[in-house]
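All values reported here derive from a predicted model rather than from experimental measurement.
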Amino acid sequence: MSLAQLHYTSATAGDDGGGARFTAVGAGIPTPVLAEAEQLLGYEPPAGAPYHPTTGELRSLPEAFSFSALSDGSHLLSRTVALGGPGAGGFHAHAVHLPAGTRLPGDALPITAWRSPSWASTAPDGSAPGPLAALPASAAFGPEALNDFAVSRSPWLAAVFADLRRVCDESAPSRLVLVERQCADVARWIALAGAVLPPETAQRLTFTTYTRRPSESPHRIVGVLPEDAPGPTGPDGGLLVRDCTGARPGETVDDAWAETCARIWRNRAPELFRAAAELPGEPFAAGPLAVTALCAGVPLGPDGRAAAANWAAERPYALDEVRTQQLTDALTAPDLDRTDAELSCVARLLTALDGRSAGAATASLGALLVTEAVHGGDVALEPPARSVFTGPAGERSAAALVTALGDDLRAELATGTPHAGAAPGRSVGRAVQLLRIARLLDVDCAELLHDVVGRMARSLLAEGAADCGAVLLDLLDEQFDVRTALLGELDRIAPQDPSAAERLLTEVALPFTGAQALPHLRMCAAAPDARAGGGEDRVKVLNTVLRASGMSPFTEPLVLRTAVGLVWGDAAPTAGEARLLLAGSTSDAHRTAGTWASLVAAALGAPAGDTEAPGLARDLLRGFPQEIDARARGALLLLEFARDVRSGAAKPGWAEQARKLRAGAEPVEPGVREQAFGALAGRLLDPDRPEAELYAFVHSDDPDLIAAYGAAARQDAVLARLRSDPSYVADCFTVWSSHPHAGRAWGETRAALLEEVLRPVVRGLSAGEVAAVEEAAERAGSSRTAEAFRTWNRPGGFRRRLGNRLAARVRRS
């Protein structure tokens with residue numbers, strides 16, 4: 001093809017024109033192209049350029065070599081240089097026009113025309129210039145020159161290539177600004193970019209090696225001198241600035257493609273870019289580059305190696321046997337700092353190659369993964385399949401692994417402490433990993449299994465399955481002996497914390513459907529459904545859970561402990577539930593299971609109004625005479641005392657018994673004290689009480705006992721009886737008006753009862769009911785008692801003066 005030329009020159013002294021103009025235009029260049037070209041071909045000399053530059057100074061001024069896209073889809077490749085003469089602003093631009101869809105001859109990249117001998121610095125004589133047949137490249141970009149430049153810019157390579165990748169993303173209209181002291185170095189950067197970019201992208205990449213105003217440039221790569229460097233504005237601001245004249249950049253580049261490109265250039269191997277382009281992959285994919293580099297012996301970092309392994313895993317047939325071996329050799333090289341992500345990609349590659357590639361390749365990858373698993377401690381890394389170690393090469397590799405890792409493997413299984421500060425769940429995952437590796441390599445660990453599964457079981461209950469549930473199930477499926485031992489140990493310790501066992505079974509469905517009994521695990525698995533079906537009836541839930549165990553608490557009492565823990569957890573049952581539990585199983589079963597303590601807690605924690613608590617206390621005292629300690633025994637005896645008082649079976653001396661039992665139960669639970677003292681007070685409020693017991697009670701001067709009496713007298717049942725029974729009113733008046741000198745506690749309580757309880761009741765009685773009270777008082781006591789009631793009941797302010805007189809009359813009567 002031929003390239004139409006145009007020349008554009010600034011006005012010089014003596015010209016009759018007032019500005020730059022086209023001095024020569026080739027045939028066939030459309031007029032709109034000239035209008036756009038005029039905006040692209042101008043030149044502004046650097047700040048401080050000499051007004052009358054010498055030949056040497058003129059030669060040192062920057063050269064603007066540009067490849068520009070025009071609105072009609074065509075392109076303009078141009079070279080603009082400064083001219084001599086006064087003013088320092090003279091310039092000459094020589095350009096060629098590439099119509100839409102055309103390229104340079106031989107599909108050469110535009111940057112190869114840098115300093116081509118075909119560029120002219122002056123306008124041609126005569127009329128329109130003829131077309132150029134070619135723009136032969138100069139020697140400025142020879143292979144060694146570019147390699148030397150790339151090595152000199154090593155610190156910036158990856159960062160520039162990462163920016164270049166963003167610049168070439170059409171959805172992000174950003175520009176890469178390269179700051180260099182020489183425009184030739186910007187051209188070299190563009191040449192490096194042309195080598196690493198996909199061919200189509202490299203052909204479309206627009207650039208200029210020099211401008212004073214980078215923010216106004218339409219090019220994707222813009223070269224500037226240090227004095228014109230803008231501040232970085234980031235992708236959103238449109239400018240990505242890389243200053244290659246200052247300090248080396250300190251940030252790391254998180255772009256495997258850019259980092260791989262940089263390493264290839266540092267190793268002076270640009271021919272690898274062409275080789276990588278022949279491999280399948282998306283544009284800017286790191287995999288093809290990384291595979292090509294590793295096969296050629298170029299060392300890469302963890303991200304590059306991971307990209308290579310991942311690419312090869314997705315295309316296991318893309319490489320021949322030789323290159324596959326080269327890749328595996330590079331991936332398994334010693335003394336590399338590998339990441340978890342890289343090892344995960346290597347594992348994917350091994351899975352893809354297993355059975356498809358030579359045994360030596362898969363064996364070396366398998367050996368790497370096993371070694372990293374044992375020494376690196378990455379719990380997420382699964383051991384390879386046994387098939388990777390088949391054949392002579394695999395057997396030799398496995399034998400070498402046993403020699404190198406066997407002792408370390410057994411030692412870690414024996415101690416169970418692979419890493420200090422392991423995260424929750426890692427201990428189980430690590431044990432699973434090591435047991436699978438031991439089976440893979442046929443390392444005998446039979447004598448260690450008991451301790452290993454013991455630690456695993458305790459960790460599973462304490463920490464849960466975390467993220468190791470899937471690999472745990474794989475282990476149990478692969479190794480029957482481990483499955484039997486671990487499930488047996490979990491079942492053995494489940495009664496210690498059945499709620500934890502239930503949580504574990506909701507996280508991972510352990511396979512205990514075989515011949516093992518595993519009653520506790522079966523109960524833990526059945527608990528959620530049992531709760532859903534039993535509703536509020538917790539005893540029903542317990543019986544359902546017990547049935548799930550397949551065993552009777554009479555033959556295996558510990559199932560009772562597990563069931564109680566699943567239903568009530570750390571809480572105690574109610575007294576009624578506890579009585580049903582005790583009746584449903586023998587005291588021997590509860591004693592063996594240790595659940596008797598929950599029954600005692602149910603009795604002692606019962607509220608004062610729980611009528612089941614006294615009966616439960618009696619049963620507990622008979623059923624567990626050796627297990628209950630002295631304090632709890634005293635509290636239970638208080639509850640039994642309440643039962644005896646209510647039933648009439650209590651021996652004489654109630655007040656003294658209550659005080660003595662309370663002293664032996666300190667610190668006594670409030671509900672227990674209120675139950676016992678309330679029963680005593682209620683009995684003393686009955687008209688058929690033993691008067692001797694009332695007398696002893698009143699004169700005990702025990703604040704707690706007398707306070708319980710005052711509280712009982714205010715209960716609804718007592719108030720209702722007072723309102724309906726005149727005889728009961730007379731009886732209470734008689735008692736509450738008596739014994740004024742029995743003690744301060746009684747004096748304050750009786751006075752309060754007269755004023756706060758009895759007087760409001762009497763005021764609500766009719767005249768006939770009041771007369772009935774007076775008659776009952778006289779019948780039960782004497783006429784003086786009746787007179788005392790009438791005097792007490794009179795309105796007026798003299799009641800207080802008559803208080804002692806009334807009391808004296810009652811005593812005499």
Side-chain angles (χ1 to χ4, degrees), residues 423-429 431 453-469 472-473 476 485-513 516-553 556-578 580-582 584-585 589-605:
R426 283 185 61 90
S427 57
V428 175
V453 298
R455 288 193 301 270
M456 290 176 66
R458 291 190 295 273
S459 295
L460 284 170
L461 292 189
E463 304 164 356
D467 56 354
C468 66
L472 176 62
L473 291 178
L476 300 184
L486 179 60
L487 294 182
E489 182 65 13
L490 282 171
D491 190 74
R492 187 186 69 81
I493 65 176
Q496 301 172 15
D497 193 350
S499 297
E502 181 185 350
R503 287 193 300 272
L504 172 64
L505 292 174
T506 60
E507 294 176 5
V508 54
L510 294 178
F512 48 86
T513 56
Q516 287 179 279
L518 305 175
H520 304 284
L521 290 182
R522 296 180 191 278
M523 295 166 70
C524 294
D529 289 340
R531 286 194 207 94
E536 298 296 324
D537 189 346
R538 296 190 289 188
V539 176
K540 179 181 178 181
V541 175
L542 176 127
N543 290 329
T544 303
V545 171
L546 281 174
R547 285 194 296 272
S549 72
M551 291 188 172
S552 167
E556 177 55 42
L558 276 181
V559 299
L560 191 59
R561 178 177 178 180
T562 300
V564 170
L566 287 171
V567 177
W568 283 279
D570 295 332
T574 65
E577 291 171 338
L580 291 174
L581 290 178
L582 189 56
S585 302
H590 283 287
R591 183 180 297 106
T592 304
T595 50
W596 64 269
S598 295
L599 307 182
V600 172
L604 301 185

ask   = Which pair of heavy atoms, one from Val428 and one from Ser459, lies closest together, and at what distance?
value = CG2-CB, 3.5 Å
ask   = Are any of the side-chain heavy atoms of Pro498 and His520 separated by less than 4.5 Å?
value = no
message = Filter on salt bridge (Lys or Arg N to Asp or Glu O under 4.0 Å), then keep only pairs touching residues 517-535, sequence neighbours left out; what's left?
response = Glu502-Arg531
inquiry  = Side chains of Arg538 and Thr574, heavy atoms from C-beta outward: is any pair under 4.5 Å?
reply    = yes
task = Verify side-chain contact (heavy atoms from CB on, under 4.5 Å) between Met456 and Leu472, making sure each step is shown before the conclusion.
result = CA-CA 10 Å; Met456 290 176 66; Leu472 176 62; 4.0 Å; yes
message = I need the minimum non-hydrogen distance between Thr544 and Ala530, along with the two atoms involved.
response = CG2-CB, 3.8 Å
query = Which distance, rounded to the nearest 0.5 Å, do you find between the CZ of Arg458 and the CG of Leu490?
reply = 11.0 Å
key: Side-chain heavy atoms of Leu460 within contact of Val508, under 4.5 Å   = no
ask   = Nearest 0.5 Å, what's the CG-CG distance between Leu505 and Leu521?
value = 6.0 Å
request  = Report yes if the side chains of Leu518 and Leu510 come closer than 4.5 Å at any heavy-atom pair, otherwise no.
outcome  = no
Validation: residues 594-605 side-chain donor-acceptor distances under 3.5 Å, sequence neighbours left out:
| from | atom 1 | to | atom 2 | distance (Å) |
| --- | --- | --- | --- | --- |
| Thr595 | OG1 | His590 | ND1 | 2.6 |

message = Is there a side-chain contact between Leu542 and Trp568 in this structure, where contact means two heavy atoms from C-beta onward sitting under 4.5 Å apart?
response = yes
task = Please confirm whether the backbone N or O of Leu582 pairs with a side-chain atom of Ser585, one donor and one acceptor, at under 3.5 Å?
result = no
task = Report the C-alpha separation of Leu487 and Asp491 in whole Å, then their side-chain angles, then the decisive distance to 0.1 Å, and conclude whether the side-chain contact (heavy atoms from CB on, under 4.5 Å) test is met.
result = CA-CA 6 Å; Leu487 294 182; Asp491 190 74; over 6 Å; no
query = For the residue pair Val541 and Gly534, what are the closest heavy atoms and their distance?
reply = CG2-CA, 3.7 Å
remark   = So OG of Ser499 and CG of Leu504: to nearest 0.5 Å the spacing works out to 12.5 Å
Residues Thr506 and Arg503: side-chain donor-acceptor under 3.5 angstrom = no
ask   = Any side-chain heavy atom of Val564 within less than 4.5 Å of one from Arg561?
value = no
Trace of the side-chain contact (heavy atoms from CB on, under 4.5 Å) decision for Leu558 with Thr592 = CA-CA 7 Å; Leu558 276 181; Thr592 304; 5.7 Å; no
request  = State, to 0.1 Å, how close Leu546 and Ala563 come at their nearest heavy-atom pair, and which atoms those are.
outcome  = CD2-CB, 3.7 Å
ask   = Would you say Glu489's side chain and Gly454's backbone share a donor-acceptor pair under 3.5 angstrom?
value = no
request  = State, yes or no, whether a side-chain contact exists between Leu566 and Thr562 at a heavy-atom distance under 4.5 Å.
outcome  = yes
query = Which heavy atom in Glu463 sits nearest to a heavy atom in Ser427, and how many Å separate them?
reply = OE1-OG, 3.5 Å
ask   = Can you check whether Pro553's main-chain N or O pairs, donor with acceptor, with Glu556's side chain at less than 3.5 Å?
value = no
side-chain hydrogen bond (donor to acceptor under 3.5 Å, both in side chains) involving Ser549 - partner list, sequence neighbours excluded = none
